[in-house]
Amino acid sequence: MERDTMSFDVVCVGCGVASLSTVLRLLNRVRGDQSGSQKTPPTVLVIEKAVSVGAHTLSGAVVDTKPLAELLSPQEFSALPQFATVKEESFQFLTPLGSRRVPWVLPPMRAEGFPIVSLSAVTRYLAGLCEKAGAEIYSGFAAVELLRDNGRITGVRLGDQGVDKKGEKKASFQPGADLTARVVVLGEGAFGFLSEQLIEQNRRAGSNPQTYAIGVKELIETPERKGAAGTIMHTFGYPLDPFTYGGGFVYCLSDTLTAVGMVTALDYRNPTLNPHDMFRLFKHHPSVRSFIAGGKVLEYGAKVLPEGGFHSVPDLVADGAIVVGDAGGLCNSLRLKGVHLAVQSGLCAGDALFEGWKNDDLSRATLMKYPERLKESPGWKELRGIRNVRACFTYGSIPGIMSVGMSAFTGGRLPPGRMALEPDREALKALAAVKPCQPPAKPDADEAGTQLDKLSDVFFSKTRHEEDQPCHLKIPDPEKCKICIVKYGAPCTLFCPGQVYVLKDDQQGIHIDFSNCLHCKTCQIKDPMDNIRWTPPEGGGGPVYSRM
């Protein structure tokens, strides 16, 4: 069919922190380059599949601001939106009935003095700076295909709009445009649709597969607790078993607003584990309950985090394209921080693009200066220093904690070599080999507003999808579902944080309610049969986060 074509120097897929940092660094360098004053500034377009900028952006988030201070002017940095500054923090090891405070933590894991922010608000702020610098940003458009010419990536194709659930064109049908570019920047976040295609084609020999965790988070309004703002708590242990990596967090954004979240690694072994149930058990624990008692949920969301670390980072450059931020696995799973690494990658990518623009050379050789700069950055050295820590936790909590100490005191040289990781889906044991996880108990009276079932939580994500469109979640072989139901107990009905997957009445298949989808992509990552495919729905669908 005939499609509109628009041409740019740079097209960014995904309007997250990594993409925006890349754009802002590039355009600031262009603006400050006196020798290039007669040269036409590059044309830059950022496209975002969410209905608005920041609507799909979710994080803790206590942010290490060093890279942001390098990206922004002093005036811009001072105007960053934030709730509070961390003034009191603790690390707690939780048991079913109590907790033990960790008396000393490694300096890199400390957060005192860092701001607590809404990452969706920070994203909107950075997007405004990018537009002032000359970039165009369009939301509500999903990129569904990489365009190529003789192997080189030359742009992206946007998804068609106005197609009904049978695949027929509606009266409102509009074919997706082709956006051609000299360079495509893929900043889609963890397990990005296009970036994963590119990564699979360009995976480094000898590297580990990426491994992920699912993070679920609520924003809770509580009765006033004077002086609470700026208090944070990180936890490990209960409710997760010793062979499941993860933990929880509580961030007091103000005296009446608290962010609570639970991160569960997706290489867990028990197919009856339900990450949302783990979250509810976490909130019921006395150490957490004291922060949120009498509160009510305002927002809910979920996303996956790339946790493989140093040995799972793929090649970040292809001919005509670069990968930035979480899409490239740039996340510190020990610190539970990725925002500063996303900004760091944006600084390095923006500098490489500036050099290419200045010399009118955006070849693969020029783009390779991006990972070269990244490997000299503090962020890369941070990842290298804990390069085997995440893999050690697959053997249990004690080996994992030992590896943290060894890495800290040897600069990452111990444990030595490259410890292997397996794809998350391969970790599940058969249903017959495990003890079923226990569901949360009935909530007490003061928990009525905070102990919500999964569907009630989904309501507070404000997720929406046009009902009359093709289902964006595909099960290629329904017969495999019958095998999975018997062997693993239909784990998709448990691990999805949006209750998208439900057993059919005959217990022989899976019904998909795609309208509940939170776009976390846990389903494709964790399905033990590798029988679910997440594809971009019509642009504008999905959750609508405002303060997450």
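- In plain terms, the two heavy atoms of V46 and G14 that are nearest each other are CG1-O, 3.8 Å.
- Under the salt bridge (charged side-chain N to carboxylate O under 4.0 Å, His left out) rule, D267 has a single partner from R425, K429, R390, which is R390.
- For the residue pair H519 / K303, no side-chain donor-acceptor distance below 3.5 Å is found, with atom types taken as modelled.
- Listed here is the closest heavy atom pair of S456 and D453: N-OD1, 2.7 Å.
- T123 contributes no side-chain N or O that, together with a main-chain N or O of V17, makes up a donor-acceptor pair within less than 3.5 Å.
- The distance from atom CD of Q469 to atom CD of E466, rounded to the nearest 0.5 Å, is 6.5 Å.
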Could you walk me through whether F249 and M233 pass the side chain to side chain contact (heavy atoms under 4.5 Å, CB included) check? CA-CA 6 Å; F249 64 86; M233 178 176 72; over 6 Å; no
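- The shortest distance between side-chain heavy atoms of D64 and R335 falls below 4.5 Å.
- For P286, there are no side-chain contact (heavy atoms from CB on, under 4.5 Å) partners at least two apart in sequence or on another chain.
- Here the side chain of K474 pairs a donor or acceptor atom with the backbone of C471 at under 3.5 angstrom.
- I137 has its side chain within reach of C15: a pair of non-hydrogen atoms, C-beta onward, lies under 4.5 Å apart.
- Applying the side chain to side chain donor-acceptor pair (under 3.5 Å) test to pairs two or more places apart or on separate chains, those with a residue in residues 537-548 are E299-S546.
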Can you check side chain to side chain contact (heavy atoms under 4.5 Å, CB included) on V502 and D513, steps first, answer last? CA-CA 8 Å; V502 181; D513 188 352; 5.7 Å; no
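- Of the possible donor and acceptor atoms, one in the side chain of K217 sits under 3.5 Å from a partner among the backbone N and O of G60.
- Atom CZ of F173 has more than 12 heavy atoms from other residues, nucleotides or ligands within 6.0 Å.
- The side-chain tip of K526 points at the ring of Y268 from less than 6.0 angstrom away and within 45° of straight on.
- With a 6.0 Å radius and a threshold of 12 heavy atoms from other residues, nucleotides or ligands, Q174 has its CD atom at or below the threshold.
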Using the rule given for side chain to side chain contact (heavy atoms under 4.5 Å, CB included), can you reason through L119 versus L58, listing the C-alpha separation, both sets of side-chain angles and the distance that settles it, and then say yes or no? CA-CA 6 Å; L119 197 59; L58 180 151; over 6 Å; no
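- Listed by chain and residue number, F93, V102, I401 satisfy the side-chain contact (heavy atoms from CB on, under 4.5 Å) test with F236 (two or more places apart in sequence, or in another chain).
- Between atom SG of residue C252 and atom CD1 of residue I116 there is a gap of 7.5 Å, rounded to the nearest 0.5 Å.
- Using a 30° and 60° split on the angle between ring planes, H285 and Y238 fall in the tilted class, from 30° to 60°.
- In this structure, a donor-acceptor pair under 3.5 Å is present between the side chains of S195 and E188.
- Salt bridge status for D444 with R289: present, with a side-chain N to carboxylate O gap under 4.0 Å.
- Minimum heavy-atom separation, C331 to L383: O-CD2, 3.5 Å.
- Looking at every heavy atom in both residues, P440 comes nearest to L281 through CA-CD2, 3.9 Å.
- In this structure, SG in C481 is found 9.5 Å from CG in L503, a value given to the nearest 0.5 Å.
- Between the side chains of S461 and T463, no donor-acceptor pair of N or O atoms lies under 3.5 Å.
- Atom CG in L473 sits 6.5 Å away from atom OG1 in T535 (nearest 0.5 Å).
- Between the CD1 atom of I322 and the CG atom of L186 there is a distance of 8.5 Å, given to the nearest 0.5 Å.
- Residues S99 and S287 have side chains that bring a donor and an acceptor to within less than 3.5 angstrom of each other.
- Side-chain contact between H340 and V343 is absent, with no heavy-atom pair separated by less than 4.5 Å.
- With D446 contributing its side chain and A293 its backbone, the two residues share no donor-acceptor pair below 3.5 Å.
- Panel note: side chain S139, backbone E48; no donor-acceptor pair is recorded below 3.5 Å.
- Looking at L421 and T394, their side chains come closer than 4.5 Å, going by heavy atoms from C-beta outward.
- For A143 against I47, the heavy-atom pair with the smallest separation is CB-CD1, 3.8 Å.
- Distance alone, capped at 3.5 Å, is enough to place a donor-acceptor pair between the N270 side chain and the K435 backbone.
- Side chains of F393 and P399 form no contact here, defined as non-hydrogen atoms less than 4.5 Å apart.
- Judged by distance alone, the side chains of N388 and R418 never bring a donor and an acceptor atom under 3.5 Å apart.
- Closest of all the heavy-atom pairs between T22 and G346 is OG1-CA, 3.3 Å.
- In this structure, the side-chain contact (heavy atoms from CB on, under 4.5 Å) partners of L240, at least two apart in sequence or on a different chain, are T244, M262, T264, M278.
- Ring planes of F91 and H234: parallel class, angle under 30° (limits at 30 and 60°).
- Within a 6.0 Å radius of NZ in K165, other residues, nucleotides and ligands contribute 12 heavy atoms or fewer.
- The closest donor-acceptor contact from the side chain of D326 to the backbone of L305 lies at 3.5 Å or more, if one exists at all.
- Q451 places a side-chain N or O within 3.5 Å of a backbone atom of R280 that can act as its donor or acceptor partner.
- For the pair H472 and W534, the minimum side-chain heavy-atom distance is below 4.5 Å.
- Under the 4.5 Å side-chain criterion, counting only non-hydrogen atoms from C-beta, K170 is in contact with D468.
- Distance check: K454 NZ to N516 CG gives 10.5 Å after rounding to the nearest 0.5 Å.
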With side chain to side chain contact (heavy atoms under 4.5 Å, CB included) as the test, would you mind laying out the steps for C492 and I510 before giving the verdict? CA-CA 9 Å; C492 62; I510 299 294; 3.9 Å; yes
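- Counting heavy-atom neighbours within 6.0 Å of I398 CD1, excluding the residue itself, gives a total of 12 or less.
- Remark: side-chain polar atoms of T272 are paired, donor with acceptor, to backbone N or O of C437 under 3.5 angstrom.
- In terms of modelled atom types and a separation under 3.5 Å, the side chain of N332 and the main chain of L336 share no donor-acceptor contact.
- Because its NZ or CZ atom is both nearer than 6.0 Å to the ring centre of F279 and within 45° of the ring axis, K283 counts as a cation-pi partner of that residue.
- Between R533 and D530, at least one side-chain N (NZ, or NE/NH1/NH2) sits under 4.0 Å from a carboxylate O, which counts as a salt bridge.
- By the 4.0 Å N-to-carboxylate-O rule, R3 lies close enough to D160 to be salt-bridged with it.
- For residues 482-501, the side chain to side chain donor-acceptor pair (under 3.5 Å) pairs, not counting sequence neighbours, are E479-K482.
- T450 pairs by the side-chain contact (heavy atoms from CB on, under 4.5 Å) definition with I220, I292, E447, not counting sequence neighbours.
- For the pair K49/F141, no side-chain contact is recorded, criterion being any heavy-atom separation below 4.5 Å from C-beta on.
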